[in-house]
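Step one of this worksheet: look at the structure below.
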Amino acid sequence: YGPTEKENWRGSMSYPRELKMLPDGRLALYPVEELEKVIQKGKIYENMVINITQRDFEVPKSGAYRLKLSGNLRKNTAGILEIGLKAYEDKATVIRVDFWKGMVSLDRRKADAGSKGNTIHEFNRECGDFSLTVLVDRSSVEFFVNEGDACMTCTVFPEKEKQCLWMRTKGGEFACDRVSVEEIIL
């Protein structure tokens, strides 16, 4: 588990969230609006197509950032979208979105020397639109699908300070209406 196990400490690892009721009666979690106050505008890409060729994105030197992407599932020909976070050499924390099955996973099996596990959650793929918000800081990754329809949080302790962000599909194309990478000022 990285330093939390080795150094016998625990702490809060998530940004403040708000609860809201979805139309189908389920609860959703999403970061509070006040988070916008610590977001520094960054790189925005419009009408970007992600395919099987890995596309690398520049991340802030601080390593704390928010990734947001959105697209229409009706335009999507990709079965699976993969997003590598805190990536270096052959290591990465991977968010895997399976559009066919309506499943999203957070895979830490190759994240660092001590992390383990692959957590899977369903999301509503029938809504037509897809959005993903990812919050990354020095030792945590959290993400929210479709404004909180699904969310996950984990700790990650990469051994290298310089880390990158990448995206690719496992066949087909995912047409993003918008992708943004913005620094979180901590």
Side-chain angles (χ1 to χ4, degrees), residues 1-18 28-32 35-36 38-40 42-43 45 50 54-70 80-98 103-123 130-170 174 176 179-186:
Y1 292 168
T4 58
E5 281 296 308
K6 293 175 186 171
E7 297 172 11
N8 196 28
W9 60 269
R10 297 287 187 269
S12 175
M13 63 179 180
S14 66
Y15 292 91
R17 302 174 187 188
E18 65 181 337
L29 287 169
Y30 200 71
V32 296
L35 182 63
E36 291 301 319
V38 295
I39 300 292
Q40 181 176 328
K43 208 70 152 143
Y45 308 88
I50 307 295
Q54 181 172 304
R55 175 170 274 185
D56 295 324
F57 294 83
E58 187 176 330
V59 297
K61 287 182 177 33
S62 69
Y65 61 92
R66 175 178 69 182
L67 164 68
K68 289 183 88 169
L69 68 91
S70 61
I80 295 174
L81 171 66
E82 291 185 328
I83 302 168
L85 307 162
K86 300 179 120 354
Y88 62 96
E89 297 165 5
D90 67 339
K91 305 279 189 205
T93 301
V94 178
I95 296 173
R96 191 168 291 110
V97 183
D98 187 326
M103 306 291 274
V104 62
S105 66
L106 182 60
D107 188 347
R108 296 187 316 149
R109 293 176 288 194
K110 290 188 177 182
D112 56 36
S115 294
K116 302 174 192 156
N118 183 37
T119 307
I120 302 170
H121 196 293
E122 294 178 344
F123 71 91
F130 177 81
S131 67
L132 180 70
T133 299
V134 183
L135 304 174
V136 177
D137 66 24
R138 188 172 204 143
S139 62
S140 69
V141 170
E142 340 187 22
F143 71 87
F144 306 85
V145 176
N146 295 339
E147 306 295 318
D149 178 33
C151 61
M152 290 187 203
T153 303
C154 74
T155 53
V156 182
F157 302 98
E159 296 161 10
K160 295 227 177 190
E161 288 296 317
K162 178 142 175 66
Q163 303 152 17
C164 69
L165 159 68
W166 52 258
M167 290 188 221
R168 66 182 176 218
T169 67
K170 291 292 205 174
F174 181 68
C176 299
V179 174
S180 64
V181 180
E182 302 168 303
E183 186 169 14
I184 300 173
I185 306 300
L186 300 174

| query | Is any side-chain heavy atom of Pro158 closer than 4.5 Å to a side-chain heavy atom of Tyr88? | reply | yes
| request: For residues Pro31 and Leu135, determine if any side-chain heavy atom of one lies less than 4.5 Å from a side-chain heavy atom of the other. | output: yes
To the nearest 0.5 Å, what is the distance between [atom1] on [X] and [atom2] on [Y]?
| X | Y | atom1 | atom2 | answer |
| --- | --- | --- | --- | --- |
| His121 | Leu106 | NE2 | CG | 12.0 Å |
| Glu147 | Thr133 | CD | OG1 | 6.0 Å |
| Gln40 | Glu182 | CD | CD | 9.5 Å |
| Glu183 | Lys61 | CD | NZ | 10.0 Å |
| Asn118 | Ile120 | CG | CD1 | 5.0 Å |
| Phe143 | Ile95 | CZ | CD1 | 5.0 Å |

Non-hydrogen atoms of [X] and [Y] that approach each other most closely:
| X | Y | result |
| --- | --- | --- |
| Glu58 | Val181 | O-CG1, 3.7 Å |
| Gly84 | Ala92 | CA-CB, 4.4 Å |
| Val136 | Ile184 | O-CD1, 4.2 Å |
| Leu29 | Phe144 | O-CD2, 3.3 Å |
| Phe123 | Asn146 | CD1-ND2, 4.0 Å |
| Thr155 | Arg108 | O-NH1, 2.6 Å |

| said: Taking CD in Glu18 as the centre, count heavy atoms belonging to other residues, nucleotides or ligands within less than 6.0 Å. Is the count above 12? | reply: yes
| Is there a donor-acceptor pair closer than 3.5 Å between any side-chain N or O of Lys86 and the backbone N or O of Arg138? | yes
| task | Report yes or no: does Ser105 contribute a side-chain atom to a donor-acceptor pair with the main-chain N or O of Asp107 at less than 3.5 Å? | result | no
| Would Val134 and Tyr65 satisfy side chain to side chain contact (heavy atoms under 4.5 Å, CB included), going step by step from the backbone distance to the final call? | CA-CA 8 Å; Val134 183; Tyr65 61 92; 5.8 Å; no
| request: Taking atom types as modelled, find out whether Tyr15 and Ser140 have a side-chain donor-acceptor pair closer than 3.5 angstrom. | output: no
| query | Can you check side chain to side chain contact (heavy atoms under 4.5 Å, CB included) on Thr153 and Arg17, steps first, answer last? | reply | CA-CA 12 Å; Thr153 303; Arg17 302 174 187 188; 2.3 Å; yes
| query | side chain to side chain contact (heavy atoms under 4.5 Å, CB included) with Ile83: which of Val94, Leu67, Ile50, Thr93? | reply | Leu67
| said: If we check side chain to side chain contact (heavy atoms under 4.5 Å, CB included) with Val97, which of these qualifies: Ile80, Leu69, Thr169, Val104? | reply: Val104
| message | Any carboxylate oxygen within less than 4.0 angstrom of a Lys/Arg side-chain nitrogen, looking at Glu36 and Arg66? | response | yes
